[in-house]
Amino acid sequence: MRFSFEPLTLKTRHVFAISRGASDTFGGALVRLEHWGLEGVGEAAPSPYYGESQATVMAALEALKAEIPDDPFLVDELHERMERRMRNNPAAKAAIDMAVHDLIGKKLGVPLHTLFGFSAECSPRTSFTIGIDEVRVMMQKVAEAAEYPVLKVKVGTDRDEQVMDAIRSVTDKTLRVDANCAWTPREAVRKIAMLEKFNVEFVEQPIPPGDVPGMKFVKEHVSVPIIADESVETSADIPPLAGAVDGINIKLMKCGGLREAVKMIHVARALGMKVMLGCMVESSVGITAAAQISPAVEYADLDGNLLLADDPFAGVLVKEGRIVLPTEPGLGVRSRR
Ligand code: MG
């Protein structure tokens, strides 16, 4: 297989802020694998929170080059070799995993959701994320999100109640909330009790990861479902959270690609948990890859490409809030440039 990669830098329309930081520039990488006269593409959208950056991704891809088997069908061997070579760097691994799946789908002439055994008709609605900002700007973002029936509101400031009150006063849409680790367990219980009056569908990651008893304490003292995001990177993180959360948020950039993501869906199901599929700020390459397995989950939050000023790729579409999967073989993405 011929392997190449290049930096991919994305800009968002608005500065994107969550409880721990803000940016409008997101540096990642684009991977290409060529074989059988076909090309597979994949994207790495690294998150500094998980220890990755554009520089670490470029270095990891250079090192992982030697671990790519000649036969694209040997996905298991690919992942074993990548894991042996380096423990972390999930975004870099995800890019290679995506590209190899794209190639396999193209070779077999089937879209990836078909390859994985999922029906495109079962794809969920996706939420549109409203990042933290002045209340006035957040309301403007809500207005811009008119076509999306589900909003995910980033919280974790002292204006949370004011923000939720303002948003609820203009819409009866489904509202989800993401605190990105902003609270202590006791604070979380107080905050979530306040949020309950706004009819919130669920709360994502109220407290920092690593505190399973704290998460269980929150879950036992509120009636809104709790979804773990930062607490869960790979399938190994799921069993310890059984009984402490209602569900998990899977992201390709945390777990290292589609193969591990599907495994995580099965592990979560076996433990009676709900599954959400999330993303980073990504182009349509990464978002379409995640969307291909979205028919298997309850909640999708695949809006990373919708936040971009200029998405270099086209792939998955969102129609009336629902994910519409491409019908082309493989990932089903094409370059806009
Ligand atoms: Mg989250």
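Counting convention: from 1, in listed order, for ligands and their atoms alike. Values below: all heavy atoms of this structure, side chains included; hydrogens, waters and symmetry mates excluded.
A 4.5 Å side-chain heavy-atom check between Glu39 and Arg2 finds every atom pair outside the cut-off.
Looking only at N/O/S atoms, Asp229 comes nearest to the Mg ion (ligand 1) through OD2. Closest approach between the Mg ion (ligand 1) and any N/O/S atom of Glu204 involves OE2. Of all the N, O or S atoms in Asp178, the one closest to the Mg ion (ligand 1) is OD2.
The aromatic rings of Phe116 and His101 are tilted relative to each other, their planes meeting at an angle between 30° and 60°. Between Phe217 and His221, the angle of the ring planes lies from 30° to 60°, which puts this pair in the tilted group.
Taking backbone and side-chain atoms together, Asp301 has no N/O/S atom less than 2.8 Å away from the Mg ion (ligand 1).
Taken to the nearest 0.5 Å, the CG atom of Leu115 stands 10.0 Å off from the CG atom of Leu258.
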